[in-house]
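Shown next, in structure tokens, is the structure this report addresses.
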Amino acid sequence: MSKVKEQMPTLIMGAGLLVYGLIAQSGALLPIAQYLHTHKTLDLQVTMCLIVGCIALAGALVNSVRKPGHSNLDTFILQPLGGIVLILVMAMLIRWYAEPLMKIISQSLQPILGFKIYKVLNLNYVVLGILAGVVLTNTWGIPKFAAPGVKCARFVLKMGVIMLGARYSFAELAKLGVYSVFLVGFFVLGTVFLVLWLGNIFKQPKSMTGVLSAGMGVCGVSATVAVAPVVKAKSSEMAYTIGTILSFGIVCMFIFPTIGKLAGMSPVQFGAWAGTGILNSAQVAAAALAFNAVDIETLKVAEIFNITRVLFLPIIVLVLATWFGKESGHKLSFKTVVIDKFPVFIIGFLILFFLSSIGMFSPPSHYKGKYIDVSYNDRTQVTHEEWETLNNAIAAGEFSGLTPKQLEAVTDLVKQRQVAGNFEDRGNKKEFDHVGRARMTQLEGILAAAKAKQIQLSADVKSAIKHAVKQVHKKSKTVVTLTDFMIWFFAFGLIGLGMQITKKSITQAGGWPIVMGVIAGITKATLSFFVVLWLIKDVVLN
Amino acid sequence: MTEEDKKVTIETGEAGKGTTKLPKDANTEELEERALSVFSSDRNEDITALIFCLITTFLVVLFTKWLV
């Protein structure tokens, strides 16, 4: 009887998931999902809830009637099942409800505050997941039934880092050219060594210094997770590092665009600076858009500089493995570092990166699996209402403020009902694609000019153009699915990581890691500012 | 020296059920870390993660690319 009582939380969660899955399948949740903009995930919600619910119920029933043993099934599945289901339920609540709700609230508060809280505080599943875990541990504590499941968190986080490799390819490096790759590499390694030196000066634990140096040098969460096992970092040290990086990024998001404008940086120069100096990818994008919402080049350059940093991850892992081994007083040969100490899961990251580079998931030139397809297709056409709106707008002279090329793009959109090249060139794919892409760029320019209030367009016209542009932006289904897996792995792992962080462990870390992070961050931002101004003129992308 | 004196208490956090008593000569750092994982070593954890990811990737490519 006591065994059944122990399994009661898992049974309740399993039954709850099944009920939720069935309600979602009936379509009753569609209005709420549409309000939260999560309606496209409803199929996934049904599938996940039904599968996890069934496994939870079956596992809890087995646990209720069976004596716990020491087999692999017990250690890896039956015992941690309760905790795994609890974390999954929390991850589902965060991804399907808390995160979309944050976006809606911050959008509604934007007119009052002048900015989006969601973007400024980076309130995505990463931060919300860690916070949820920390709050649970430090208020009610980890429920007894969930304790073994929490121990799976780091394993799942590692799976997230491996899957990260699928999002990148050599094509990104090739776009930058050797010159800029060296620049990024210099700042990544420079920051790592600076933090290691500061750690020595401030006499911080090696594990804390090691994980912070990777986080500050490469980028936020993934680098922290990847390096943690190499330097034996504790969960609290990982969380501290992620917190420091995100807080520093918030300040950068405001200061970078202002300084960039005051210094008269070109869009390309600012993109290079933001991509080098700001650590978190989302914050890099936000700063680039704040600097220049019209010229898409700033965002592209910033993103590519930022991505290149991630590709230095395996090198940083090797560097820190060597440093940690030496600091711990071990004599390390090349074999020890590269074969014995090198974490196997980073090899997984490299395998997926390699597969992505050879075009296994989508053609390697497609940035993160995204590509533009301007070929004729019924599904890429605008709707009849949108076509009428655009046609009437042209007749009414609503597009008077447009450049001749922009006007030509809109006229052709009305003529062909979709973004495409010239009909008579359809046999010449290269020329057809070239013209189609140029038209898409012009349409994007119209939207950016309207956003910057340089021209006045009605909401319907903007919506029609936006839809036409969106229709030719395709994503590789394989990369999208692999990215989804990565996000779920990170969400699960970070909630579990948060659950391992107690008030005591944070107090033990003290304030010095923040001081070190701020010094390293400011040094990197200042140096990269001057280097970018000095070296980068206009063309950095091949 | 009693059996109790030969032991040392380590902090394993809430996920590791608070504290655990171990022999004094045990590698406490390693054990403290292991208490927060279901795997007996980092290498086992890494290899399992790698195998799981490769299987996931194979299935994703199979159902989104090769069988479509």
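No experiment lies behind these values; they were computed from the predicted model shown.
Enclosure of atom CG in Asp373(A) by more than 12 non-hydrogen atoms of other residues, nucleotides or ligands within 6.0 angstrom is indicated.
In this pair, Phe155(A) and Phe39(B) present their aromatic rings tilted. The plane angle is within the 30 to 60° band.
Using a 4.5 Å heavy-atom cut-off against chain B, the contacting residues of residues 475-484 of chain A are Lys477(A), Thr478(A), Thr481(A), Leu482(A).
Side-chain contact check for Leu50(B) versus Met159(A): every heavy-atom pair is 4.5 Å or farther apart. Put simply, the side chain of Phe52(B) does not reach to within 4.5 Å of the side chain of Ile162(A), judged on heavy atoms.
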* Test side-chain contact (heavy atoms from CB on, under 4.5 Å) on Val60(B) and Phe361(A) and set out the steps. => CA-CA 9 Å; Val60(B) 169; Phe361(A) 310 133; over 6 Å; no

* To do: Determine, stepwise, if the pair Met163(A) / Thr56(B) fulfils side-chain contact (heavy atoms from CB on, under 4.5 Å).
  => CA-CA 9 Å; Met163(A) 299 306 272; Thr56(B) 309; 4.1 Å; yes

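With sequence neighbours excluded, the residues that form a side chain to side chain donor-acceptor pair (under 3.5 Å) with Asn44(B) are Ser40(B). Residues passing the side chain to side chain donor-acceptor pair (under 3.5 Å) test with Asp46(B) are Lys158(A), sequence neighbours excluded. The side chain to side chain contact (heavy atoms under 4.5 Å, CB included) search around Pro205(A) returns Ser207(A), Met208(A), Glu237(A), not counting sequence neighbours.
Using a 4.5 Å cut-off between heavy atoms, Phe485(A) touches chain B through its side chain atoms alone. Of the atoms belonging to Leu352(A), it is side-chain heavy atoms, and not backbone ones, that fall under 4.5 Å from chain B. Ile346(A) does not touch chain B: none of its heavy atoms, backbone or side chain, sits under 4.5 Å away. Contacts between Ile51(B) and chain A at a heavy-atom distance below 4.5 Å are absent for every atom of the residue.
Phe345(A) contributes atom CZ, which lies 10.5 Å from atom SG of Cys53(B) (distance to the nearest 0.5 angstrom).
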